[in-house]
Every structure is written in C-alpha cells, then in structure tokens.
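Just so we're clear, the structure is a prediction, and the values are computed from it rather than from any experiment.
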Amino acid sequence: MLRPPLALFVLSSSLFTAFLHTSALTVPSDEAKILSSRSDAPSASDFDVLYQGNQAFRAKDPALLQDLAKNGQHPPFLFIGCSDSRVSEGTVFDAKPGTFFAERNIANQYSRQDSNIRSILAYGLEELHVKHVVVMGHYGCGGVAASVATPPSLPWDEATAAIQQWIAPIRVTYQTSERKEVVEMRHRNQGNGTVSAPALHDAGFRALVEENVKNTVKRIASDTMVVELLQDSAHPFFIHGWIYDIENGEVKDLGVSVGPRGSTVPAIPFPASAASLVRRH
C-alpha cells in the first residue's frame, strides 16, 4: 500500500475525519447503478461498436484522410479537456480529423510539472502554430466532484493515490475559492462527518467546475514557456476557457481569454456563461 505525502492534506480537517467509499474517484449515484448492473466480463462483442464505427468513419471522407497523410496536420486548435467519455472534442464539435491537436486528462488540468501536457502545449504552439488553445471543462465532472467529497480512507493503494494526488489542486481551489456559490457549498459541508459528491445541478459544484477551468487557463498563461511564445508576433495565439453542459451539449465561454499584449480577442460565437456576464457588467 502507498501512503500519500502529508503535504497533500494541509486542507480542511473536516474532509479527512471519516471514510468515504472504497472507490478512488467518487461516481454519482445514477452512474453507480448503471455500472453495478453492467457485466464486468470482457468479451469479443465489446469491440463490435468500435469496428462498425471505424468502418463508417473510413467510408465517410477517404480523400480527407489521404490529404492529411500526404500534407500533414495543421490544426487551428489545441484542445485541453477532460478524459470523461461524454466530452470528446471530435464529437462535441462534430469536427473533422485535423481540427484539434488534443490532450485530455481528469478534470482538464495543467501543471508545469507534468511533462506530458507541457510537451503537448510546446509542440502545438512552437511547431504546429495553433491559433487557439481551448481549455474546456464540463458540468458533472467526476474529478471536481471527488475534490469536494471526503477522500477514501488511508492507507491508499497506488491507484487511489494516483487519482487523489492528481485532483489535489482542485481540493485546494474548493477550500480557498471566494466565489459565492463555492463558499456556500463549503459552509453547507462544514461539520459533516462524511461529505458526499455534489449533485449535478448543485450551484456550488457547477461554479467549482468553472473555477477549475479558469485556473487551468491561468496556469497555462503564466507558464514562462507560454509567456515567451506570446511575445512572438509572427505566430500569435489565444487561450480560452469554455464550459460544456453534458445535459444539452451546449458550450459556453467563461470570458477569461488571454492573448498577446495589446491584442483584441477574436469574437467567440458561443454564448457567455452567467458568471462571465456578471463579471463583465
């Protein structure tokens, strides 16, 4: 068993006073029911949907695939999103191959210590010269929900430790955010021995999802590598923060775009989130 570093727990003591579930990442109750009824035994039929989908994909636009193979990729967008199976960028935007250079991880986070995502950002900006970096979170994010819920009991196995260490920055946001909805959720949870994952429509949960996207935009924009590249007038780019609603498929702009000094952010056709409208007025 692997015990996590003590430094990860300098948060709220109320979050660590009781047990949660044995799962490493909290799953909403409706999803848990579906998962419990599903057969866990792998079988050959599992691949049928993938095979059929691939056949349809190959037949849809073979000329485009040949062109991309011959002339290479020139994506205008670098997408940083969540690993959640419901929020694939190609599906959400009905995008063709070659549209996105992409990275997805739990709760769409960015860290300078993560060489994987940092190298993706470097290659997208330095070599592919993408025009826009899009950070997109989504309501109902399991990683953000788990950051509110009481952590699993110690000691942790390696799988649980990996997940809990990854979402630790979001726990810090939950504990320190001054946004009204998050503060109210925090106050409601104070004194509870066990804090459950918030419901999909919990205002504090949705606000925390948005704040997490904003933090990712800030971390990217403040990375010294990005600061240097923003000064390269030959290849300007912008960083945007968006939110996706898994219930209706709508994408909204959080109004936190960052670009070269003195530049005007290009008009974004997606509607502004309610929080960004309040901030702008």
Problem set entry | Aromatic contact, Phe205 with Tyr139 (centres under 6.0 Å) | no
Exercise. Measuring from Ile106:CD1 to Trp166:CH2, what's the distance to the nearest 0.5 Å?
Worked result: 8.0 Å
Exercise. Given side chains that start at C-beta, do those of Ser222 and Val227 come closer than 4.5 Å, heavy atoms only?
Worked result: no
Exercise. Heavy atoms, side chains only, cut-off 4.5 Å: are Pro236 and Lys131 in contact?
Worked result: no
Exercise. Would a distance-only check, ignoring hydrogens and angles, find a side-chain to backbone donor-acceptor pair under 3.5 Å from Thr99 to Ala95?
Worked result: no
Problem set entry | Note, Cys82 side chain near Tyr244 side chain (heavy atom, < 4.5 Å) | no
Exercise. Is a salt bridge present between Arg188 and Glu184, judged by a nitrogen-to-oxygen distance below 4.0 Å?
Worked result: no
Problem set entry | Shortest non-hydrogen contact from Ala221 toward Val226 | CA-CG1, 4.2 Å
Exercise. With respect to Ile117, which candidate in Ile80, Asn108, Ile220 satisfies the side-chain contact (heavy atoms from CB on, under 4.5 Å) definition?
Worked result: Ile80
Exercise. Do side-chain atoms of Arg171 reach the backbone of Ala146 as a donor and acceptor pair under 3.5 angstrom?
Worked result: yes
Problem set entry | Atom pair NE2 (His132) and CH2 (Trp242), whose distance is rounded to the nearest 0.5 Å | 8.0 Å
For this session: Could you verify whether a donor N or O on one side chain and an acceptor N or O on the other, from Tyr110 and Asp223, lie under 3.5 Å apart?
Result: yes
Exercise. Under a 4.5 Å side-chain heavy-atom rule over Ile, Leu, Val, Met, Phe, Trp and Tyr, are Val209 and Val183 clustered together?
Worked result: no
For this session: With side chain to side chain contact (heavy atoms under 4.5 Å, CB included) as the test, would you mind laying out the steps for Val133 and Leu125 before giving the verdict?
Result: CA-CA 9 Å; Val133 177; Leu125 295 174; 3.9 Å; yes
Exercise. Judged by modelled atom types alone, do Asp157 and Thr160 share a side-chain donor-acceptor pair under 3.5 Å?
Worked result: yes
For this session: Show your working on side chain to side chain contact (heavy atoms under 4.5 Å, CB included) between Glu126 and Leu229 and close with a plain yes or no.
Result: CA-CA 8 Å; Glu126 180 77 12; Leu229 291 171; 2.9 Å; yes
Exercise. Would Phe93 and Phe100 count as a close aromatic pair, with their ring centres under 6.0 Å?
Worked result: yes
Exercise. Does some side-chain heavy atom of Arg118 sit less than 4.5 Å from a side-chain heavy atom of Glu103?
Worked result: no
Exercise. If only atom types and distance count, is the side chain of Asn192 paired as donor or acceptor with the main-chain N or O of Val195 below 3.5 Å?
Worked result: no
Problem set entry | Any donor-acceptor N or O pair under 3.5 Å, side chains Gln231, Arg261 | no
Exercise. Between Ser273 and Leu254, what is the shortest heavy-atom contact and its length?
Worked result: OG-CD2, 3.4 Å
Exercise. Can you tell me how far the CZ atom of Arg104 sits from the CD1 atom of Ile120, to the nearest 0.5 Å?
Worked result: 12.5 Å
Exercise. Do Arg219 and Asp114 sit within salt-bridge range, that is, some charged N less than 4.0 Å from a carboxylate O?
Worked result: no
For this session: Could you check if a side-chain atom of Pro97 sits within less than 4.5 angstrom of a side-chain atom of Leu64, using non-hydrogen atoms only?
Result: yes
For this session: Count the heavy atoms belonging to other residues, nucleotides or ligands that lie under 6.0 Å from CD of Glu178, then report whether that count exceeds 12.
Result: no
Exercise. Roughly how far apart are Ile170 CD1 and Cys141 SG, rounded to 0.5 Å?
Worked result: 6.5 Å
Exercise. Rounded to the nearest 0.5 Å, how far does CG of Leu78 lie from CD of Glu89?
Worked result: 10.0 Å
Exercise. Got a donor-acceptor contact below 3.5 angstrom from the Thr91 side chain to the Val87 backbone?
Worked result: no
Problem set entry | Heavy-atom check, side chain of Met185 versus side chain of Val148, under 4.5 Å | yes
Seminar exercise, completed: Residues at least two apart in sequence or cross-chain that pass salt bridge (charged side-chain N to carboxylate O under 4.0 Å, His left out) with Asp245, listed by chain then number, are Arg206
Exercise. With Phe237, which residues qualify under ring pair (Phe, Tyr, Trp, His ring centres under 6.0 Å), at least two apart?
Worked result: none
For this session: State the CG-CZ distance between Asp84 and Arg86, to the nearest 0.5 angstrom.
Result: 4.0 Å
For this session: Could you check Tyr174 against Asn212 for side chain to side chain donor-acceptor pair (under 3.5 Å), going step by step and ending with a plain yes or no?
Result: CA-CA 9 Å; Tyr174 169 59; Asn212 182 52; over 6 Å; no
For this session: Report the C-alpha separation of Val251 and Ile243 in whole Å, then their side-chain angles, then the decisive distance to 0.1 Å, and conclude whether the side chain to side chain contact (heavy atoms under 4.5 Å, CB included) test is met.
Result: CA-CA 6 Å; Val251 173; Ile243 200 77; over 6 Å; no
Problem set entry | Side-chain heavy-atom pair Arg179, Glu210 within 4.5 angstrom cut-off | yes
Exercise. Quick check: does any side chain N or O of Asn71 sit under 3.5 Å from a backbone N or O of Leu68, one acting as donor and the other as acceptor?
Worked result: no
Exercise. Side chains of Ile239 and Val134: closer than 4.5 Å at any heavy-atom pair?
Worked result: no
Exercise. Is there a donor-acceptor contact under 3.5 Å linking the side chains of Arg112 and Thr224?
Worked result: yes
